[in-house]
Amino acid sequence: MSATIIDGKAFAAKVRGQVAEHVARLKGDHGITPGLAVVLVGEDPASQVYVRSKGKMTVEVGMNSYEHKLSADTSEDDLLSLINQLNNDPGVHGILVQLPLPKHLNEDLVINSIDPAKDVDGFHISNVGLLGTGQKAMVPCTPLGCLMMLRDHHGSLSGMNAVVIGRSNIVGKPMAQLLLGDSCTVTIAHSRTKDLPAVVRGADIVVAAVGRPQMVPGDWIKPGATVIDVGINRIDAPEKGEGKTRLVGDVDFDSAVQVAGAITPVPGGVGPMTIACLLANTVTACCRANGLAEPEGLTA
Ligand code: NDP
């Protein structure tokens with residue numbers, strides 16, 4: 001038996017379409033154009049690619065995109081002063097500071113200086129607390145994308161056993177909170193977990209967010225389980241030619257697809273959903289800022 005492949009690319013396109021419709025309504029009915037400001041400090045090549053792609057998609061859904069590129073030696077004071085300016089700009093509804101920041105900048109301080117209502121990454125300590133207490137928060141984009149795919153596939157997640165492998169602040173912990181919010185019985189596994197294969201075998205839902213290529217083999221997966229692979233790992237691909245590489249997830253797709261009921265591929269699974277959810281969060285932030293109804297199905 002082969003699992004259903006959850007097509008994140010197609011689903012992300014659908015989410016972007018819903019965002020675009022909502023943006024058109026905000027413009028047409030209220031004369032409001034949501035705006036997303038992205039701040040990039042330094043010249044990290046991967047970050048530059050992400051920021052470019054975020055800007056392009058922001059414009060494609062009809063929102064305003066503001067890019068602020070600062071040199072790698074920008075002082076903390078200058079960065080905080082830019083964030084303060086964006087916090088006070090009524091045309092900016094979402095602010096994202098691209099991580100990682102250069103070492104001399106205090107990431108926690110910078111993130112916590114963003115107005116929580118504009119914190120579309122959901123990393124501000126207030127949003128972390130709101131999510132943890134089941135209140136209306138800005139939810140981190142990657143876990144939100146995973147939740148949307150799970151809800152779309154299953155409808156209700158109530159009562160399901162979910163295992164999240166990884167306990168980072170950006171993926172593992174918020175993912176676990178979201179699953180708990182949807183009434184799953186949640187286990188968070190990490191590098192000190194004893195007998196991880198047995199823990200994973202008990203799960204109806206497995207979310208792998210580790211950063212280790214193909215670490216979860218098919219024989220850890222309970223037959224019929226849903227597997228969400230967050231990992232993005234680049235490995236050598238000599239079969240494609242000398243020096244070539246390819247992307248793989250944290251799950252060994254070829255063996256897991258034989259056992260799982262549904263699975264996200266890498267690439268083309270969780271990845272595209274992350275930017276789609278950033279756009280969704282920006283439109284949500286814009287609606288909340290203006291006291292308007294939030295787009296349905298685009299929030300936790
Ligand atoms: P982190 O490195 O911050 O966290 C990794 C987690 O995995 C840690 O909690 C760690 O445990 C755990 N871990 C490490 N080794 C093992 C092991 N052998 N067994 C069990 N758990 C283990 O990573 P992130 O959460 O930031 O990212 C995880 C993956 O997701 C990466 O591949 C990243 O590239 C990808 N990612 C993808 C995104 C997307 O858009 N698709 C967005 C964000 C991330 P411990 O805490 O004990 O050290």
Side-chain angles (χ1 to χ4, degrees), residues 5-13 15-16 38 44-47 49-54 57 96-101 107-108 111 120-123 128 131 138-150 162-179 186-203 206-217 219-221 227-235 245-253 256 263-281:
I5 309 296
I6 300 177
D7 185 346
K9 212 172 154 188
F11 195 28
V15 170
R16 289 198 305 274
V38 177
D44 178 62
S47 294
V49 172
Y50 290 139
V51 167
R52 241 195 327 272
S53 149
K54 284 168 186 170
M57 291 197 185
L96 179 149
V97 176
Q98 185 65 43
L99 302 179
L101 287 171
E107 246 171 46
D108 287 338
I111 295 305
V120 281
D121 251 344
F123 296 160
V128 175
L131 178 62
M138 294 308 304
V139 175
C141 304
T142 300
L144 178 58
C146 296
L147 182 75
M148 281 186 191
M149 290 193 284
L150 284 166
V163 170
V164 180
I165 319 175
R167 56 174 163 179
S168 73
N169 290 334
I170 62 166
V171 188
K173 284 182 199 153
M175 186 73 246
Q177 295 285 4
L178 289 172
L179 291 165
V186 183
T187 304
I188 306 178
H190 46 76
S191 67
R192 309 296 171 90
T193 297
K194 287 189 179 143
D195 200 355
L196 184 59
V199 172
V200 175
R201 279 187 197 113
V206 180
V207 180
V210 183
R212 288 177 177 252
Q214 300 165 313
M215 189 191 91
V216 179
D219 67 3
W220 290 13
I221 306 291
V227 178
I228 304 290
D229 193 351
V230 181
I232 302 177
N233 310 288
R234 192 164 283 285
I235 61 166
T245 60
R246 68 186 175 103
L247 290 180
V248 296
D250 291 340
V251 176
D252 177 39
F253 184 85
I263 186 167
T264 59
V266 177
V270 175
M273 286 299 289
T274 297
I275 295 188
C277 287
L278 172 67
L279 304 175
N281 275 350

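Numbering of ligands and ligand atoms starts at 1, following listing order. Remember, predicted model here, so these are calculated numbers, not experimental data.
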Is [X] touching ligand 1 with its side chain, its backbone, both, or neither, if touching means heavy atoms under 4.0 Å apart?
X    : answer
V210 : both
T274 : side chain
N233 : side chain

Rounded to the nearest 0.5 Å, how far apart are [atom1] of [X] and [atom2] of [Y]?
X    : Y    : atom1 : atom2 : answer
R234 : R246 : CZ    : CZ    : 11.0 Å
L179 : I188 : CG    : CD1   : 9.5 Å
W220 : L196 : CH2   : CG    : 4.5 Å

Nearest protein heavy-atom contact for [atom]: which residue, which atom, what distance?
atom                    : result
atom 21 (N) of ligand 1 : H190 C, 3.2 Å
atom 34 (O) of ligand 1 : I232 O, 3.6 Å
atom 4 (O) of ligand 1  : S168 CB, 3.8 Å
atom 46 (O) of ligand 1 : R167 NE, 2.7 Å
atom 42 (C) of ligand 1 : T142 OG1, 3.3 Å
atom 29 (C) of ligand 1 : G211 N, 3.7 Å
atom 11 (O) of ligand 1 : S191 N, 3.3 Å

If the cut-off is 4.0 Å to any non-hydrogen atom of [X], which atoms of ligand 1 fall inside it?
X    : answer
V171 : 25 (O), 43 (C), 44 (C)
G166 : 6 (C), 7 (O), 9 (O)
V270 : 41 (N)
M215 : 17 (C), 18 (N), 19 (N)
I170 : 26 (O)

Would you confirm whether [X], through its side chain, and [Y], through its main-chain N or O, come within 3.5 Å as a donor-acceptor pair?
X    : Y    : answer
D252 : Q214 : no
N281 : P140 : no
T264 : I6   : no
S168 : V171 : yes
D250 : G211 : yes
R16  : F11  : no
D121 : L96  : no

request  = For the residue pair V270 and M149, establish whether any side-chain heavy-atom pair is separated by less than 4.5 Å.
outcome  =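 Yes, at least one pair of side-chain atoms sits under 4.5 Å.
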message = Below 3.5 Å, N or O to N or O, backbone or side chain included: is there any such pair between D250 and ligand 1?
response =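 Not met; the criterion fails.
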State if [X] counts as touching ligand 1 under the rule of any non-hydrogen atom under 4.0 Å.
X    : answer
G172 : no
M273 : no
A189 : no
V230 : yes

